[in-house]
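Let me begin by presenting the structure, written as structure tokens, before commenting on it.
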Amino acid sequence: MTCWLMKTEPDTFGIDDLATRPGQTEPWDGVRNYQARNFIREMRPGDEVLIYHSSCAQPAIVGIADVAGEPRPDPTQFDPESPGHDPRSKPETPRWYLVDVRYRAHLPRPVSLAALKAQAEAFEGLLLLSRGRLSVLPVSAAHRDRILALGKG
DNA sequence: GCCAACGTTGGC
DNA sequence: GCCAACGTTGGC
């Protein structure tokens with residue numbers, strides 16, 4: 001079972017929004033990057049997800065969620081009204097995928113990007129630090145444990 | 001298949 | 001709001 005990190009902009013849809021959704025679950029649509037897409041397709045129900053807030057005053061890992069279902073085609077790619085519309089996508093050959101993400105908990109203390117950078121050796125290899133623009137990425141068990149330890153109250 | 005132009009992400 | 005990094009597109 002893999003642990004993942006998924007980014008979101010709190011001004012648009014933050015962890016508080018996730019926590020107050022019906023079923024505390026949201027289809028994580030709109031990912032339009034091939035590397036991120038490939039990671040989504042590797043996700044399995046029950047996998048743990050770290051929720052990261054980006055493009056905000058304090059970029060940080062703010063909580064824990066899990067993967068609530070199998071990866072499936074992102075329906076917004078077929079919707080001409082959606083900003084995620086991709087005219088190249090056909091229902092029989094979908095290009096973009098999503099998973100449903102279910103809220104589990106806030107971290108008692110957010111783990112800021114600055115805090116991660118301050119322990120650069122400990123977080124060596126963490127794609128959040130080396131692939132700044134990747135919005136979905138795997139997190140090793142060791143890094144995950146360390147992040148949760150930092151996030152304890 | 002190379003590479004320049006362009007667009008987007010996201011920290012600061 | 002600026003700008004660096006870098007993924008994507010499209011001409012050749």
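Chain letters run A, B, ... following the sequence lines, proteins first, then strands; residues in each count from 1. Computed from a prediction, not measured in an experiment: that's the story for all the values here.
- Remark: P of dC6(C) and CG of Leu127(A) are 12 Å apart, rounded to the nearest angstrom.
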Arg72(A) vs Asp100(A), salt bridge (Lys or Arg N to Asp or Glu O under 4.0 Å): CA-CA, chis, key distance, verdict: CA-CA 9 Å; Arg72(A) 56 191 173 89; Asp100(A) 296 294; 2.8 Å; yes

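- In the model, Ser135(A) has no side-chain atom that pairs as donor or acceptor with a side-chain atom of Arg32(A) under 3.5 Å.
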Output a table of nitrogen or oxygen pairs between the protein and nucleotides 3-5 of chain C separated by less than 3.5 Å.
none

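- Contact annotation: Lys117(A) reaches the phosphate of dC12(B) (side-chain N/O to OP1 or OP2, under 4.0 Å).
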Every protein N/O within reach of nucleotides 8-10 of chain C N/O, cut-off under 3.5 Å:
from, atom 1, to, atom 2, distance (Å)
dT8(C), OP1, Tyr34(A), N, 3.4
dT9(C), OP1, Arg88(A), NH1, 2.5
dT9(C), OP1, Arg88(A), NH2, 3.3

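- As a whole-Å value, the separation of Asp11(A) CG from dG1(C) P is 14 Å.
- Note: the hydrophobic cluster containing Val62(A) also contains Ile147(A) (ILVMFWY, side chain heavy atoms under 4.5 Å, direct or indirect links).
- Contact check on Glu26(A) versus Arg102(A) returns no salt bridge, with no Lys/Arg side-chain nitrogen under 4.0 Å from an Asp/Glu carboxylate oxygen.
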Full working for ring pair (Phe, Tyr, Trp, His ring centres under 6.0 Å) between Tyr34(A) and Trp96(A): CA-CA 8 Å; Tyr34(A) 289 104; Trp96(A) 306 113; 4.7 Å; yes

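- Cluster annotation: Tyr97(A) is connected to Leu134(A) through the hydrophobic network of ILVMFWY side chains, with a link wherever side-chain heavy atoms come within less than 4.5 Å.
- Within the 4.5 Å cutoff, the side chain of Val99(A) has heavy atoms near those of the Met6(A) side chain.
- Side-chain contact between Glu48(A) and Asp66(A) is absent, with no heavy atoms from C-beta onward closer than 4.5 Å.
- Between the NZ atom of Lys7(A) and the C1' atom of dG7(C) there is a distance of 13 Å, rounded to whole Å.
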